[in-house]
S.K.: 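The structure follows.
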Amino acid sequence: MQYNYGMIGLGTMGCNLVLNMSDHNFSVAGYDKDMKKTENLNILGEGKNVKGFNDVATFVLSLELPRVIMLLVPAGPIVDAVVKDLKPFLGKEDIIVDCGNSHFTDTQRRIDELEKEGLHFFGLGVSGGEKGARFGPSIMPGGNVDAYKRLAPMLEAIAAKINDVPCTAYMGTGAAGHYVKMVHNGIEYAAMEMIAETYHLLKKHAGLSNEELHTVFATWNKGRLQSFLVEITATIFAEKDDVGEGMLIDKIKDTAKQKGTGAWMSQDAMATGSPIPSIDASVTARILSSMRNDRLVASNIFSDIDISITTDDKLNFIKMVEDALYSAFILTYAQGLSMLKTSSDNYKYHTDLKTVATIWRGGCIIRAAMLEDIMQAYEQEPTLKNILNSDMFIEKIKLSQASLRKIVQLGAQIGIPLPSFSASLNYFDAYKSAWLPANLIQAQRDFFGAHTYERLDKEGVFHTQW
Ligand code: 6PG
């Protein structure tokens with residue numbers, strides 16, 4: 001039998017995507033070097049139109065022409081190695097679809113290399129973790145538009161749906177799919193960091209127990225903060241430790257790991273000139289958390305400042321933190337999407353931001369009620385540079401920024417680090433400043449390096465003998 005699709009890499013994500021595809025009546029051949037993984041697929045796929053192979057040649061020959069071979073392997077050199085192994089067996093118009101978190105520059109390089117040989121390389125961002133892959137992820141495809149047309153019916157079938165609208169659509173040319181996924185992940189990093197900062201404030205300043213934290217986040221998840229990340233946070237606080245007494249959250253080491261997609265976004269933002277301080281701060285916060293031994297030494301030298309508040313204050317405090325988090329979430333989406341707009345123009349991806357907001361509403365890690373408003377903001381004004389300027393968000397940010405200001409002030413006063421909250425507020429304050437002290441920086445540059453400056457009252461470039 002000839003299979004509709006091939007999947008290389010049968011780890012949990014790859015295997016779950018295969019099963020998802022088969023639920024939608026696509027037949028899929030899987031390949032993995034690891035026999036245990038192909039056996040696992042054959043067991044889980046019993047009675048379905050899927051089959052695991054351990055030999056590349058047999059796997060490739062089992063596929064319908066022109067072939068569509070999806071990869072779910074770790075990003076980096078492994079993708080190149082798999083492409084190299086596959087190439088001798090491929091023919092014109094075959095498509096290799098990279099579903100991993102590859103760096104967009106690698107994707108662009110692979111597209112260019114394979115194009116010369118009449119093959120398509122296609123970058124596909126997939127978000128939603130294991131469950132998403134199995135039952136409906138958000139899918140961010142980018143690349144050759146004809147290749148996309150061949151993939152679209154399958155992608156639309158397996159993606160999450162919001163009111164019957166699939167959480168997948170064409171993100172643009174070249175490496176647009178992986179670029180959009182990188183921006184998704186940067187926003188994910190900042191949202192997680194800001195929820196963690198909220199946890200820090202509520203636990204250490206307001207003295208909330210895990211049970212209370214569970215209730216607070218579960219309540220927030222019913223309102224305007226409704227989102228996957230707030231929802232799972234509520235669940236996490238209710239999880240008992242299954243290997244000892246107490247709650248699991250208190251047993252987990254406070255050092256956050258990262259695979260790098262957040263840092264990639266910061267690096268590209270620096271390289272291309274997009275301000276995304278909330279995301280930069282969240283990457284740095286993970287790095288600082290990983291320096292646990294240094295932190296332990298320093299904590300013995302510089303003691304904590306402790307300010308507790310009364311129960312009455314607690315309720316108001318929780319309200320204020322909710323407001324601050326809402327404000328910071330808006331500011332983070334604003335930064336991420338503005339960068340996406342700038343980069344799409346730069347790299348000529350032609351990414352449509354309303355479409356991005358639409359497909360992020362379901363299936364992905366940053367899905368949130370707020371994306372509905374963001375989608376509408378772009379609907380009202382498709383060329384919107386920053387959602388902060390849209391009618392949808394002007395009042396919302398005007399009202400909630402006061403709480404963000406108070407929370408940041410409090411954190412500074414009592415020594416609770418709020419890097420992403422502070423960065424969000426600083427972004428807002430700088431963004432809305434008609435005047436910034438950059439005239440002085442220009443004067444300094446001209447003073448020591450004759451770098452010249454521009455004037456407000458005359459056209460041209462000037463230099464002064466200071
Ligand atoms: C998703 C996630 C996923 C990512 C993890 C881990 O959208 O499903 O973004 O792709 O791999 O979130 O990322 P870090 O290890 O960098 O935290």
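As the structure is a prediction and not an experimental result, all values here were calculated from the model. Counting starts at 1 for both ligands and their atoms, in listed order.
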S.K.: Distance alone, cut at 3.5 Å: any donor-acceptor contact between the side chains of D323 and S400?
M.R.: no
S.K.: Under 4.0 Å from any heavy atom of G129, which atoms of ligand 1 are there?
M.R.: 8 (O)
S.K.: Do me a favour and list the nearest non-hydrogen protein atom to atom 12 (O) of ligand 1 with residue, atom name and distance?
M.R.: E188 OE2, 2.6 Å
S.K.: Taking only non-hydrogen atoms of C364, do any sit less than 4.0 angstrom from ligand 1?
M.R.: no
S.K.: In terms of atom number and element, which parts of ligand 1 are under 4.0 angstrom from non-hydrogen atoms of I365?
M.R.: 1 (C), 2 (C), 7 (O), 8 (O)
S.K.: Hey, what's the ring geometry for Y349 with Y179, parallel, tilted or perpendicular (30° and 60° as the breaks)?
M.R.: tilted
S.K.: Will you find, in the side chains of Q335 and S278, an N or O donor that is under 3.5 Å from an N or O acceptor?
M.R.: yes
S.K.: Are a donor atom and an acceptor atom from the side chains of H184 and S127 found within less than 3.5 Å of each other?
M.R.: yes
S.K.: Do any heavy atoms of M192 fall under 4.0 Å from ligand 1?
M.R.: no
S.K.: Give yes if a backbone or side-chain nitrogen or oxygen of K259 is under 3.5 Å from a nitrogen or oxygen of ligand 1, and no if not.
M.R.: yes
S.K.: If you have a sec, work out which protein heavy atom is nearest atom 7 (O) of ligand 1 and how many Å separate them, to one decimal?
M.R.: S127 OG, 2.5 Å
S.K.: Could you point out which residue of F237, F217, W220 forms a ring pair (Phe, Tyr, Trp, His ring centres under 6.0 Å) with Y199?
M.R.: F237
S.K.: Assess the pair Y347 and F104: is the distance between their ring centroids shorter than 6.0 Å?
M.R.: yes
S.K.: Is there at least one pair of N or O atoms, one from Q258 and one from ligand 1, spaced under 3.5 Å apart?
M.R.: no
S.K.: Hey, does G128 come in under 3.5 Å of ligand 1, counting only N/O atoms on both sides?
M.R.: yes
S.K.: Could you check whether Y31 and F53 have their ring centres less than 6.0 Å apart?
M.R.: no
S.K.: Taking only heavy atoms of Y189 into account, list the atoms of ligand 1 that are under 4.0 Å away from them.
M.R.: 14 (P), 16 (O), 17 (O)
S.K.: K385 and N389: side-chain donor and acceptor closer than 3.5 Å?
M.R.: no
S.K.: Check R286 against ligand 1 and report side chain, backbone, both or neither, counting heavy atoms closer than 4.0 Å.
M.R.: side chain
S.K.: Under a 4.0 angstrom heavy-atom cut-off, which atoms of ligand 1 come close to N101?
M.R.: 3 (C), 4 (C), 10 (O), 11 (O)
S.K.: Please could you name the atoms of ligand 1 that H184 approaches to less than 4.0 Å, counting only its heavy atoms?
M.R.: 7 (O)
S.K.: Kindly compute the distance separating CD1 (I397) from CD1 (I330), expressed to the nearest 0.5 Å.
M.R.: 4.5 Å
